[in-house]
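Numbers restart at 1 for each chain; the letters A, B, ... are given by sequence-line order, proteins then strands.
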Amino acid sequence: MSTVRVRFAPSPTGYLHIGGARTALFNWLHARNLKGQFILRVEDTDQSRSTPESVEAILEGLRWLGLNWDEGPEVGGEYGPYFQMRKLERYREVAETLIASGHAYRCSCTKEELEERRLLAEKQKRLYRYEGLCRNKTLSRDTPHVVRFKVPQEAGSVCFLDEVLGRICKQYSDIEDFILLRNDGIPLYNFGCVVDDHDMAISLVGRGQEHINSTFGQMLLFEALGWQAPKFAHFPLILGQDREKLSKRLHPEADLMQHRKNGILPHALLNFIVRLGWSHQNDETFSLQQMIEYFGFNHVGKTSGVWNPDKLLWLNQYWMKNLPPSEVAAALIPFLKEAGATEILEPAKLEKTVLALRERSKTLVEMARLGVCYFQKGVTMDAAAKAKHLGAEGLALLREVRERLAATDFSPANIEAAIREVAQTHQVGLGKVAQPIRVAVTGQTISPGISETLDLLGREEALARMQTALKG
RNA sequence: GUCCCCGUCGUCUAGAGGCCUAGGACGCUGGCCUUUCAAGCCGGCAACACGGGUUCGAAUCCCGUCGGGGACACCA
């Protein structure tokens with residue numbers, strides 16, 4: 001069996017797009033599933049838009065998701081360079097080969113000239129083609145020119161067998177003489193991509209369906225160069241709720257790191273995007289090991305999927321409840337700080353907090369909001385909560401329970417008993433007694449069960465907070 | 001407009017000719033549990049785009065229509 005080598009080849013023109021993240025994930029899973037190599041390649045040939053900051057942002061996004069690469073920036077590898085701008089000579093050399101073999105030509109037509117022809121063709125209601133356009137001009141190397149690929153002029157078509165879509169073809173006449181090298185000698189996507197996929201011995205190219213049309217040109221290039229083309233797999237697109245392709249401009253959820261800020265666990269996000277376009281029987285939740293074990297292109301769907309924020313939230317809560325508490329606790333720390341925690345974030349207490357709050361929060365932001373009161377001195381009292389539960393009646397009940405609590409240790413049984421007795425004495429429901437305690441110690445109407453809450457706070461702090469509430 | 005891809009509940013999907021009276025999940029919804037809020041458990045609503053074929057039999061195969069999306073840069 002030949003080696004599986006797949007790549008993720010983003011262009012560093014901004015943050016890591018969620019669609020890119022899913023493309024990376026599918027490739028990564030395929031590589032891990034088959035014990036192959038996952039390569040990261042930076043396609044930075046768009047000089048006007050590429051920035052080093054973007055490279056870093058993309059690496060950071062991949063690291064956050066845990067998608068490690070075997071070759072690429074920072075780790076190197078035998079097939080580098082992994083930045084396209086570092087191998088311009090190579091592209092020029094290949095372009096020359098194509099010109100020499102008659103598969104490409106130098107073209108000095110300007111954009112304007114081409115546009116003119118396009119309009120003319122439209123006016124004449126005939127299909128516009130690049131046929132013969134500049135092919136016959138002979139140019140010296142010093143006149144400014146681009147290098148164009150010479151698409152076969154005879155009748156015929158290019159086809160490839162897509163791993164998820166099946167056989168797809170396109171007629172030669174529907175493909176234009178696309179540009180290989182710009183007039184500054186820098187390669188365009190379609191060309192750099194082919195040279196690199198060949199040079200890096202990529203066995204399968206997995207990318208979004210928006211690239212299907214460029215695949216035909218690439219197939220032509222592989223053929224002209226006499227190189228064996230890799231396999232291709234085109235993944236369904238991710239659409240926003242407006243059914244348009246998820247774009248950075250229109251959809252905030254397109255920004256991977258936005259989800260980190262929103263308190264989404266990386267594993268939850270992974271689980272969510274892996275199910276957008278892929279399935280394994282009726283399974284909904286997957287550990288990383290399961291994803292790797294089950295993944296295959298045969299179960300990648302063909303239809304675009306719509307972003308579903310509710311399901312992401314559900315998955316996030318699911319994983320907050322099912323991942324080791326220590327892992328969730330570690331992820332919670334920055335959110336607690338952000339929420340205003342001032343006390344020491346001690347690991348054991350953090351884990352207890354996670355255990356107590358994970359059934360009540362869908363995100364780490366929510367968990368921090370509910371949990372920050374356990375990591376502060378005193379409470380920030382919610383006015384509405386106070387008005388509702390710490391009126392005359394509430395305070396009277398609170399005074400009484402506090403007395404009983406102060407007289408015992410804080411075992412769950414004792415706390416239960418104290419509440420029960422007070423409720424019984426006054427012929428009121430348990431809630432009547434419990435709520436004032438809850439509000440007094442947390443400042444909110446929402447918290448875990450009372451004994452759990454008091455335990456989290458510690459006897460001393462809890463009694464002190466009740467005392468403060470009683471003083472008004 | 002041209003080319004390419006796609007078309008099962010609102011959404012993500014299972015489904016590779018009989019196992020489908022179409023299954024699961026999110027959401028919505030009724031109930032149980034309950035000291036708050038949740039979580040959990042039990043139940044409900046809800047889909048094969050349409051029209052022709054092929055076949056004893058079609059969500060599954062073929063054709064057409066309609067619908068949706070994508071690509072049409074010296075961007076990737």
Would you call A:Glu366-A:Arg358 a salt bridge at under 4.0 Å N-O?
no
Charged N to carboxylate O below 4.0 Å: is that the case for A:Arg92 and A:Glu89?
yes
Among A:Asn271, A:Leu323, A:Leu315, which residue meets the side-chain contact (heavy atoms from CB on, under 4.5 Å) test with A:Leu265?
A:Leu323
Let's see if you can work this out: which of [options] has an atom nearest to the side-chain heavy atoms of [X]?
X	options	value
A:Asn308	B:G70, B:A39, B:U11	B:U11
A:Glu284	B:G24, B:G70, B:C5	B:G24
A:Asn213	B:A39, B:C3, B:G7	B:C3
A:Leu239	B:A14, B:G69, B:G27	B:G69
A:Val306	B:A76, B:A71, B:C12	B:C12
A:Glu210	B:U11, B:G70, B:C5	B:G70

Test item: side-chain donor near acceptor, [X] and [Y], under 3.5 Å:
X	Y	answer
A:Thr143	A:Ser108	no
A:Tyr91	A:Asp196	yes
A:Asp177	A:Tyr105	yes
A:Glu327	A:His267	no
A:Ser11	A:Arg49	no

Could you tell me how the ring of A:Phe149 sits relative to the ring of A:Phe178: parallel (under 30°), tilted (30 to 60°) or perpendicular (over 60°)?
parallel
Of A:Gln171 and A:Gly277, whose nearest nucleotide on RNA chain B comes first from the 5' end?
A:Gln171
The residue, A:Arg49 or A:Gly305, whose nearest nucleotide of RNA chain B is more 5′ is A:Gly305
Please evaluate the base of B:G70 for a donor-acceptor partner in the side chain of A:Gln209 within a cut-off of under 3.5 Å?
no
Complement of B:G64, any strand, by Watson-Crick or G-U distances under 3.5 angstrom
B:C50
Can you tell me the Watson-Crick or wobble partner of B:G40, both distances under 3.5 angstrom?
B:C32
Tell me which residues in residues 180-196 of chain A lie within less than 4.0 Å of RNA chain B, going by non-hydrogen atoms.
A:Arg182, A:Asn183, A:Leu188, A:Tyr189
Roughly how many Å apart are B:U55 and B:C50, using the P atom of each and rounding to a whole number?
23 Å
Rounded to whole angstrom, note down the P distance from B:C33 over to B:C42.
15 Å
Protein-to-nucleotide contact annotation, 5' to 3' order, nucleotides 40-46 of chain B [B base; S sugar-phosphate only; - none; under 4.0 Å, heavy atom]:
S------
Donor-acceptor pair, A:Asn414 side chain versus A:Phe410 backbone, under 3.5 Å?
no
Would you compute the distance between atom CD1 of A:Ile419 and atom CD1 of A:Ile450 and round it to the nearest 0.5 angstrom?
5.5 Å
Please report the interatomic distance CZ(A:Phe8) to CD(A:Glu43), rounded to the nearest 0.5 Å.
10.0 Å
Polar pairs (N or O, both sides) under 3.5 Å between protein and nucleotides 29-37 of chain B?
| unit_1 | atom_1 | unit_2 | atom_2 | d |
| --- | --- | --- | --- | --- |
| B:U35 | O4' | A:Gly431 | N | 3.3 |
| B:U35 | O4 | A:Glu416 | OE2 | 2.6 |
| B:U36 | O4' | A:Gln435 | OE1 | 3.2 |
| B:U36 | O2' | A:Thr445 | O | 3.3 |
| B:U36 | N1 | A:Arg438 | NH1 | 3.2 |
| B:U36 | O2 | A:Arg438 | NE | 3.4 |
| B:U36 | O2 | A:Thr445 | O | 3.0 |
| B:U36 | O2 | A:Ser447 | N | 3.2 |
| B:U36 | O2 | A:Ser447 | O | 3.4 |
| B:U36 | N3 | A:Arg438 | NH2 | 3.1 |
| B:U36 | N3 | A:Ser447 | O | 2.6 |
| B:U36 | O4 | A:Arg438 | NH2 | 3.4 |
| B:U36 | O4 | A:Ser447 | O | 3.4 |
| B:U36 | O4 | A:Pro448 | O | 3.4 |
| B:U36 | O4 | A:Gly449 | N | 3.2 |
| B:C37 | O2 | A:Arg360 | NH1 | 3.2 |
| B:C37 | N3 | A:Arg360 | NH1 | 2.6 |

